[in-house]
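Because the structure is a prediction, the values reported are computed rather than measured. Computed from heavy atoms alone, side chains included, the values below leave out hydrogens, waters and symmetry copies. The first residue of the sequence shown is numbered 1, and numbering continues consecutively from there.
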Amino acid sequence: MVEDSSLKTIHHQPSTVYRKIYMIRNIAIIAHVDHGKTTLVDKLLHAGEVFGAHEKPGELIMDNNDLERERGITIVSKNASMTYKGVKINIIDTPGHSDFGGEVERVLNMADGVLLLVDAFEGPMPQTRFVTQKALELGLKPIVVINKVDKENCKPDEVQEAVFDLMFNLDATEEQLDFPTIYGSAKFGWMNTDWQEQTDNITPLMDAIIEHIPEPKVEEGTTQMLITSLDFSSFVGRIAIGRLHRGTLKAKQRVSLMKKDGTITKSNIRGLYTFDGMNKVEAEEVKAGDICAMYGVEGFEIGDTIADAEAPEALPSIAIDEPTMSMLFTINDSPFFGKEGKFVTSRHIRERLEKELEKNLALRVESTDSADSFRVYGRGVLHLSVLIETMRREGYELQIGQPQVIIKNINGVKHEPVEELTCDLPENVSGKVIEMVTKRKGTMLSMEPKGDRMLLRFEIPSRGIIGLRTQVITATAGEAIMTHRFLEYQPHKGEIPSRLNGSLIALETGKAIPFSINNLQDRGKFFIPANVEIYEGQVIGENSRPNDLVINVTKTKKLTNMRSAGADDKVKLVPPIVFSLEEALEYIQDDEYVEVTPESIRLRKIYLKEHERKRAKNKALAV
C-alpha cells in the first residue's frame, strides 16, 4: 500500500546470530478480523527480546501503517523474526479481511505451520474457515490458540470442539487433527495449555511452536525460490520476498528468473537480506528453508521462480486473486479543485497508480477514452478505499465514480461475482436484515442462534453488498457485524433495486446559511453543516422522495426593521450525516462522483449544471 517504513534496512556485516542458527521455524498467523492477531504478534516479538532496553515500540508493532492502526485491521502481510532457545522463528502476519485474501493465500506458501488464532467467545468465523482450508490443503501443521479467555461468557472448551469440527469438515489429515491447543489472553500477555490456570508469560506458546511446527523440508538440488511477496523501496526499486526452497543464495550471485509464461532471463542479485526482528538485515548467504528478500533482479512477478543460472528448474506457480470490482478515478474538476491538495493533475494520479501497481498485486489499472480518467480494478470497496485514503493523506485530489462489479461472459452467459455474506446480529432484528438481503438477490444458507444473537449466512451477488452495510448498521442500531468473502462467478441474478431516495443538490455556489437549511429540513437529511462553502451541483443531502431536488441553501433572510438580524442565530439544526470514505463510495448513484481531497469528502453530480444533467438524462433515455 504505502512504502513500509517499519522494515528498516540495516547495512552491516552479516548477522553473527544468523551463523549460529541452524534450526528454523516458519509460521503464519491466521485469524479473523479483531480476534487479537496483531496483539499476539506484539507479545511474541517482546518475548523474543527483539527490542533493546532503550526501544519502546508500543502496541500494534506490525501494523505500522497509519490506516492499519486507525481501522484496527492488517492490510499488508508482513515478515518479522525472533530467536528463542537458539531457533530462528520467522513470523508472517497475514490480513484477516476478505478484500486482502489474496495476500493470505500467497504468504502461506512460505510457512511450514500456522497459528490458528480464535476468539474464545466468537469461535471460528467464515473467513477463518477460508484461510484454514488453504493452510490444510498445503499440508501445514496447525497450532490452535484460543485467545481472550478472560472475556465474560466465553466458552473455550466449546470453541476448541468447534475448531476440531471445522478441521474435520475441511478434510484435515489425522496428523493435522492431532493439533495442540494453547489458551490465554494476548492482551494481558499470558498463555497456557489449561485456560483456567493463568501464567505471567507466553512461554508455553513459544515452546509449542518449537515442538510442533516442523523444520523446513529441504530437498537436494540447485537453487529454487518462489517469489510470494513484493516490497518497494525508492532507493533500490522492487524487492522480491520468498522462501528459499533448496540450495543457497549469495549476494552478487548470478541467477535465472523463470517467468510464468516459460521465458527465462539471467541477472545478478545486487543485495540479499534476511529478517531480524522487524528489520531487514543484509546477509552474504541464505540457506534453504529461510525467508529472504532480494533486489537487483528486474521484471519479476508474484509466482515467478528464482533458480540456478546454469540448470534452472521452476517451482509450481501461484495464482493471484482476480479483481471483482472497478471504480473510475478521475481528476478533480470541481470549483474547489486545488484548494486543499498538492497533486491534482492526471499525470500525478497516473504516476501514483503506477507506483501502487509495483506492490499492490490484486490491483489493475486501465486507461479510458479520456486522458484524465483511469479505470482501477480491485478486490472490493475496502481494498480500493484503502488506496484512495492513502492517496488523499499523501496530498492527492481526485474524484471517484460509483463502484462497478466486473461482469464476465462465460460460454455466452453473463456471469457476476457472488460472495458469502455472514451477519452476526441481535435476534430481534434478524427479520429486517433477511428482508434487506433477499431484496438484493441474496439467498439464505443457514440461520444459527448464538445466545441472544443470530448468525445468518447468505449467498449474495457482489453488487448487492454495495451500500448494504450502511443499511444493516442503521437497522440494527450499530449492533451488526458483517463479513463477506468472494465465492465464485455465477450467472447474472437480474436487476437489484438501487437507492430509493433522490439527492438534494445545491443550486448556487456560496456559503450554506443556517436560516435556509432550517427552512428546508423537512425536504430530507443534510450532509453538510451550516456555514460551510458549497458549490453548484454538489450533493448536500438526501431527498425524502425518490427524485433529485435542486435547492438553494445560500439564501439569507431579508432583513426588515421588525426584527433584529441576530434573532435567527438560535435556529435548531439536525446534525448532518457524515460519511466515511467507504460509505460515500457505496452511497453514490451512477451519475455522481465522490470528490476526495486531503481535508474533505464531498458528493457531487457528474454534471454540475442542471441543464447539462437534463441533456445527459435525455440522451441516455434516447439510447
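- Side-chain contact check for Phe179 versus Val163: some heavy-atom pair is nearer than 4.5 Å.
- A search for ring pair (Phe, Tyr, Trp, His ring centres under 6.0 Å) contacts involving Tyr396 returns Phe343, not counting sequence neighbours.
- In this structure, Glu313 pairs ionically with Arg246, as a charged nitrogen and a carboxylate oxygen lie closer than 4.0 Å.
- When side chains are defined from C-beta on, Asp207 counts as touching Lys85, because their heavy atoms get closer than 4.5 Å.
- Residues Leu108 and Ala135 come closest through the heavy atom pair CD1-N, 3.9 Å.
- Shortest non-hydrogen contact noted between Gln253 and Thr248 is OE1-O, 3.6 Å.
- For the pair Asp304/Ile227, a side-chain contact is recorded, criterion being any heavy-atom separation below 4.5 Å from C-beta on.
- Counting heavy atoms of neighbouring residues, nucleotides and ligands inside a 6.0 Å radius, atom NZ of Lys187 does not exceed 12 of them.
- For the side chain to side chain contact (heavy atoms under 4.5 Å, CB included) with Leu244, the qualifying choice from Ile306, Leu249, Leu226 is Leu249, the only one to do so.
- Contact between Val405 and Ser462 at its shortest, heavy atoms only, is CG1-CB, 3.6 Å.
- Between the side chain of Lys250 and the backbone N or O of Ile269, no donor-acceptor pair lies under 3.5 Å.
- Within the 4.5 Å cutoff, no side-chain heavy atoms of Pro403 are placed close to those of Leu384.
- The pair Glu582-Arg469 does not meet the salt-bridge criterion, since no charged nitrogen lies less than 4.0 angstrom from a carboxylate oxygen.
- Counting non-hydrogen atoms of other residues, nucleotides and ligands closer than 6.0 Å to NZ of Lys217 gives a total of 12 or fewer.
- Between the CG atom of Leu363 and the CD atom of Glu356 there is a distance of 6.0 Å, given to the nearest 0.5 Å.
- Under the side-chain hydrogen bond (donor to acceptor under 3.5 Å, both in side chains) criterion, Glu351 pairs with Arg347, not counting sequence neighbours.
- By the 4.5 Å heavy-atom criterion applied to side chains, Tyr84 and Thr203 are counted as neighbours.
- Closest non-hydrogen pair, Ala314 versus Met258, comes out as N-SD, 3.4 Å.
- Tested against Phe164 for a side chain to side chain contact (heavy atoms under 4.5 Å, CB included), the candidates Thr181, Val159, Leu177 yield a single pass: Leu177.
- Ion pairing between Glu175 and Lys141 fails under the 4.0 Å rule for side-chain N and carboxylate O.
- The two residues Leu487 and Glu459 have their closest heavy-atom pair at CD1-CG, 3.6 Å.
- Residues Thr274 and Ser81 form no side-chain contact, since every pair of their non-hydrogen atoms from C-beta on lies 4.5 Å or further apart.
- Contact detail for Val365 and Phe374: the closest heavy-atom pair is CG1-CB, 4.2 Å.
- At least one donor-acceptor pair under 3.5 Å links the side chain of Asp119 to the backbone N or O of Phe121.
- With a 4.5 Å cut-off on side-chain heavy atoms, Glu211 and Pro180 do not count as touching.
- Cation-pi geometry between Lys259 and Phe300 is not met: the NZ or CZ atom fails to fall both under 6.0 Å from the ring centre and inside 45° of the normal.
- Taking the side chain as every heavy atom from C-beta outward, Ile213 and Ile89 never approach each other to under 4.5 Å.
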